[in-house]
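As a basis for the values below, the full set of heavy atoms in this structure was taken, side chains included, without hydrogen atoms, waters or symmetry mates. Protein chains get the first letters and strands the later ones, always in sequence-line order, with residue 1 at the start of each.
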There are 2 protein chains.
Amino acid sequence: MRLTSFTDFGLRMLMRMAGAPERVFSTAELATEFGLPRNHLAKIIQRLAHAGIVETRRGGGGGAQLARPPQAITLGEIVRQLEVGHPIVECFAEMPGLCSLDGKCRLKFRLRAAELAFLAELDRHVLADIALENVPTGGPPLPQQTTATPRSDQA
Amino acid sequence: MRLTSFTDFGLRMLMRMAGAPERVFSTAELATEFGLPRNHLAKIIQRLAHAGIVETRRGGGGGAQLARPPQAITLGEIVRQLEVGHPIVECFAEMPGLCSLDGKCRLKFRLRAAELAFLAELDRHVLADIALENVPTGGPPLPQQTTATPRSDQA
DNA sequence: GTGAATTGGTATTTACAATGCGTATTATCA
DNA sequence: TGATAATACGCATTGTAAATACCAATTCAC
């Protein structure tokens, strides 16, 4: 039972963005803060944008920000969107008739119920509950105080 | 959110074994029935044996059978044993201090709660609930490397 | 209008799980 | 006791998904 790195990293970025919902975060900035590859994070932001969780804007000064207040985004919604295409078991893929136990399998229903229980527990919390204001201070010490200057161009 | 093939195939084999708790099933027989690689199934049986869910017996006429009645084995126990070593997210691996958000991360606790909800839902059912008596009646032609020796059906 | 910054999309490389295969060990039957 | 059948274990191979790199499209600043 494993979540993909998409979901893992996506949650971390959203936690950070929820800490400053008004700001615009570039993928380069998030990549520096978390010490993760920029291109990989950009892909996840794309997915989140398609799902309507964040809004992106190209060009200078662009980046991503939450499309809704963090109180209106449940953790379940995030995981659901980020885990698209990764069914619990192979049987759940959209391939009818592939499973040889198709009609007689009484397990499928139970697995689905367990998955719903997992997501329901996640839906009991919203993004605001796990927001973090502090920079994780991954590797090099970033003495970046809250100078309210969204200048962050370096690479 | 995905279970490994270990868990997927393990559950199928246990479903079959629960349909005839008194019988002994060889891995070759199960592999033929399900059209799955024999060696892979043997490894899963090993894991299940170590977990105390099945008991194996070597030698002629040997094989595996449930160590307890199928009413006494919950689905949660099976999944828990089969998913060992596959944490939900990387942070959950046994590597303290690796996650840069160690102290401040309020997500970890929620993910754990969701995982427990998933397993709790599974614990509401036992293996007997999903037993299947019928053989899946070999669907696709399988390129089995077994030497096509018709097994003498043991009593 | 020009240039720089930033996302969007596609292709390639890499890592890990899944699979296949061979060998050793052990128990049962003749 | 010997032959056979099955598990147990390790390693090589394969396949799929993640991770990375690169190029195109777009927007703001000047």
**Message:** Considering only residues two or more places apart or on different chains, which pairs with a residue in residues 43-57 of chain A satisfy salt bridge (charged side-chain N to carboxylate O under 4.0 Å, His left out)?
**Reply:**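 Passing the test, one end in residues 43-57 of chain A: no pairs.
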
Does [X] reach the side chain of [Y], with side-chain heavy atoms less than 4.5 Å apart?
| X | Y | answer |
| --- | --- | --- |
| B:L36 | B:L30 | no |
| A:F118 | A:I88 | no |
| B:I44 | B:T27 | no |
| A:R16 | A:F34 | yes |

With a cut-off of less than 4.0 Å, is there a side-chain N or O of [X] near OP1 or OP2 of [N]?
| X | N | result |
| --- | --- | --- |
| B:S26 | D:dA6 | no |
| A:T56 | C:dG8 | yes |
| A:T4 | D:dA17 | no |

**Request:** Would you please name every residue forming a side-chain hydrogen bond (donor to acceptor under 3.5 Å, both in side chains) with A:H125, sequence neighbours left out?
**Result:**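 Listed in chain order: B:R110.
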
Just the rounded figure in Å: distance from [atom2] of [N] to [atom1] of [X].
| X | N | atom1 | atom2 | answer |
| --- | --- | --- | --- | --- |
| A:E29 | C:dT7 | CD | P | 10 Å |
| A:D8 | D:dA19 | CG | C1' | 14 Å |
| A:F6 | D:dA17 | CZ | P | 13 Å |
| B:L82 | C:dA18 | CG | P | 11 Å |
| A:F34 | D:dA19 | CZ | P | 15 Å |

**Fill in**
So, with a heavy-atom separation below 4.0 Å from DNA chain C, the residues of residues 40-55 of chain B are B:H40, B:K43

For a quick test of your reading: what N or O donor-acceptor pairs under 3.5 Å do the side chains of residues 69-81 of chain B make, sequence neighbours left out?
{"unit_1": "B:T74", "atom_1": "OG1", "unit_2": "B:E77", "atom_2": "N", "d": "3.1"}
{"unit_1": "B:T74", "atom_1": "OG1", "unit_2": "B:D123", "atom_2": "OD1", "d": "2.9"}
{"unit_1": "B:E77", "atom_1": "OE2", "unit_2": "B:R68", "atom_2": "NH2", "d": "2.8"}
{"unit_1": "B:R80", "atom_1": "NH2", "unit_2": "B:D123", "atom_2": "OD1", "d": "3.0"}
{"unit_1": "B:R80", "atom_1": "NH2", "unit_2": "B:D123", "atom_2": "OD2", "d": "2.4"}

**Pairing residues for B:S5 by the side chain to side chain contact (heavy atoms under 4.5 Å, CB included) criterion, not counting sequence neighbours** =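 With neighbours one apart ignored, the set is B:F9, B:H40.
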
**B/S/- contact track for nucleotides 22-30 of chain C, protein heavy atom under 4.0 Å** = B--BSBS--

**Closest approach of A:L66 to A:A18 (non-hydrogen atoms, all atoms of both residues)** =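 Where A:L66 meets A:A18 most closely, the heavy atoms are CD1-CA, 3.8 Å.
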
